[in-house]
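Data first, discussion second: the structure below is written as structure tokens.
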Amino acid sequence: MPQTIDVNLRSLTGARAEIYPGADVGLRTAAAGKNTFYIETFGCQMNVHDSEKVAGVLLGRGYRQVESPDAAQVVFYNTCSIREKAAQKVFSRLGDFKTRQNEGRIIGVLGCVAQQEGEEIFERAPWVGLVCGSASYRKLPELLAELESGNRRVMGLDKDTGETFETEITRRDNPFRAYLTIIEGCDKSCAYCVVPYTRGPERSRASASILEEVRRLADAGYSEIQLLGQTVNSYRDPSTRRMSFAELLAAVAGVAGIRRVRFTTSHPRDFGADIVAAMDAVPEICDHVHLPVQSGSTRVLRAMQRTYTREEYLEKIALIRAARRPISLTSDIIVGFPGETDRDFEETLSLLDVAQYDSTFSFQFSPRPNTPALRMPDAVPEEEKGRRLAVLQQRQREIQTARNQTRVGQTFEVHVDGASRKAGQWAGRTSSNHILNFTSPRTGLLGEYVQVQVTRAGPNSLVGEHNV
Ligand code: SAM
Ligand code: SF4
């Protein structure tokens with residue numbers, strides 16, 4: 001594998017010299033206005049990280065990143081098609097360029113909408129020059145070269161590639177937390193989900209290559225690593241080392257300089273006691289599991305092809321609750337899946353009471369192209385979906401308020417990642433992934449780990465004071 005170079009925000013803004021050998025070539029050769037790119041990202045953390053890698057590919061070719069599409073020669077939209085609204089947003093952005101087709105700008109559509117709509121995008125928005133799905137990103141350098149040599153339209157829409165998208169340069173936007181994809185694609189076939197179509201089959205990255213990147217990130221000053229995958233815990237080491245996901249978590253946490261390891265998203269079927277045992281044994285693994293349930297009704301789970309029952313899911317929660325330290329639990333939930341009855345929905349509400357999630361992402365079912373759910377009978381009316389979502393969110397809000405109240409008076413370690421304009425006001429995350437806004441008499445706390453006592457709590461965040 002070629003040497004990987006990480007360029008982070010501070011290095012790009014010049015706040016701290018952190019450009020690795022060779023990485024500055026692209027930055028120095030770029031002239032203002034020429035060879036510039038802008039990238040906007042929609043959707044999940046995987047997309048955010050893919051954009052960081054795409055930016056790395058462009059930096060490596062001598063491009064410079066700019067903050068607005070108007071100032072850019074190349075404009076990329078990294079798109080999401082998980083729900084219809086997200087996909088529509090992309091076409092509305094593309095519409096902005098309708099009247100400016102001749103300004104010599106290259107417009108590219110990346111990600112899930114690109115994969116899903118393919119050539120259709122050229123039909124709907126003829127001013128687009130590049131369409132590339134996430135499973136074809138390894139081809140991006142070639143596609144860019146074709147555009148640079150004068151081709152007007154290029155496309156990358158492979159699906160069944162065995163390769164993962166690794167780049168020589170990654171431009172990391174978050175100077176405090178480094179994202180690292182360990183598994184791409186998805187082999188599950190949830191009846192509502194476009195991901196297996198847009199991101200292709202599951203491909204895991206070799207453990208040695210992951211650990212090498214973590215070591216480099218630690219050397220660059222990152223102390224928090226977030227391992228990513230649509231089903232991160234389905235990780236299967238393709239190398240002869242055959243490291244399990246739990247072993248990998250411990251190995252990443254064991255790299256000198258790493259203080260926090262997060263992982264998302266876990267699939268309930270592949271979540272086992274070995275992961276909880278690793279969390280018990282290794283304090284650097286954060287006190288948080290994101291374990292989407294989607295529905296509390298076994299009947300609906302079966303229709304969704306989630307491959308577990310309500311009871312099996314609750315057994316996984318019991319494993320987590322039996323850990324030696326409190327572990328925060330979060331989830332994704334879909335309401336209004338075809339055929340979901342009032343009774344099924346009541347079961348989802350009762351599951352909230354049992355699970356006691358620290359937060360949830362909840363959505364109305366959105367029918368998506370190519371998915372089995374698109375053709376399922378007994379659609380729930382839009383109005384009813386909206387009603388159920390509001391009821392669910394209110395119930396969860398009450399649970400979060402009560403849970404957060406129990407944290408008042410407790411002290412947590414916070415990794416500081418935000419400063420308010422108001423002097424002495426800071427923000428960060430606890431190991432359990434709670435946002436904690438706090439005051440401190442100290443300055444220069446960004447990137448530091450500090451002990452903060454919680455003084456107040458709301459449903460979505462905690463407020464506290466730095467224990468100096
Ligand atoms: N791989 C993860 C998993 O299995 O939970 C998450 C995939 S997806 C990017 C994030 C969430 O979007 C899902 O957990 C699900 O709740 C929601 N989602 C996916 N497809 C949806 C659809 N067609 N309508 C509504 N919500 C959807
Ligand atoms: Fe989509 Fe299901 Fe795969 Fe998650 S596990 S990405 S919801 S198919």
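None of these values were measured; they are calculated from a predicted model. When reading the values below, keep in mind they use all heavy atoms of this one structure, side chains included, and skip hydrogens, waters and symmetry mates. Residues take their numbers from the sequence shown, with the count starting at 1. Ligands are counted one by one from 1 in listed order, and the atoms in each one are counted from 1 as well.
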Checking side-chain hydrogen bond (donor to acceptor under 3.5 Å, both in side chains) between S297 and each of T348, D344, T309, T341, which is the one that passes?
D344

Rounded to the nearest 0.5 Å, how far does OG of S239 lie from CZ of R241?
6.5 Å

What residue and heavy atom of the protein are closest to [atom], and at what distance?
| atom | answer |
| --- | --- |
| atom 5 (O) of ligand 1 | P292 CG, 3.1 Å |
| atom 23 (N) of ligand 1 | S366 O, 2.8 Å |
| atom 7 (C) of ligand 1 | Q230 OE1, 3.4 Å |
| atom 19 (C) of ligand 1 | I82 CG1, 3.4 Å |
| atom 25 (C) of ligand 1 | Q364 O, 3.4 Å |
| atom 17 (C) of ligand 1 | R83 NH1, 3.3 Å |
| atom 7 (S) of ligand 2 | Y192 OH, 3.4 Å |
| atom 20 (N) of ligand 1 | Y192 CD1, 3.2 Å |

Suppose I only count heavy atoms of F365 and a 4.0 Å limit; which atoms of ligand 1 are within that range?
24 (N), 25 (C)

If you count the atoms of ligand 1 from 1 in the order shown, which ones are under 4.0 Å from a heavy atom of R368?
23 (N)

More than 12 foreign heavy atoms under 6.0 Å from [atom1] of [X]: is that the case here?
| X | atom1 | value |
| --- | --- | --- |
| E67 | CD | no |
| R343 | CZ | no |
| Q394 | CD | yes |
| R321 | CZ | yes |

Among Q294, R269, R306, closest by any non-hydrogen atom to atom 4 (O) of ligand 1
R306

Quick one: name the protein N/O/S atoms under 2.8 Å from atom 2 (Fe) of ligand 2, chain by chain.
C190 SG

Start with the C-alpha distance between K316 and V289, add both sets of side-chain angles, then the distance that settles side-chain contact (heavy atoms from CB on, under 4.5 Å), and finish with yes or no.
CA-CA 11 Å; K316 306 287 175 167; V289 177; over 6 Å; no

Against V252, only a single residue in I285, V282, L217, V214 fulfils side-chain contact (heavy atoms from CB on, under 4.5 Å); can you say which?
V214

What orientation do [X] and [Y] show, parallel under 30°, tilted 30 to 60°, or perpendicular over 60°?
| X | Y | value |
| --- | --- | --- |
| H288 | H290 | tilted |
| Y308 | H267 | perpendicular |
| F42 | Y77 | tilted |

Passing option when E224 is tested against R262, R172, R429 for salt bridge (charged side-chain N to carboxylate O under 4.0 Å, His left out):
R262

So is D332 polar-close to ligand 1, meaning N/O to N/O under 3.5 Å?
yes

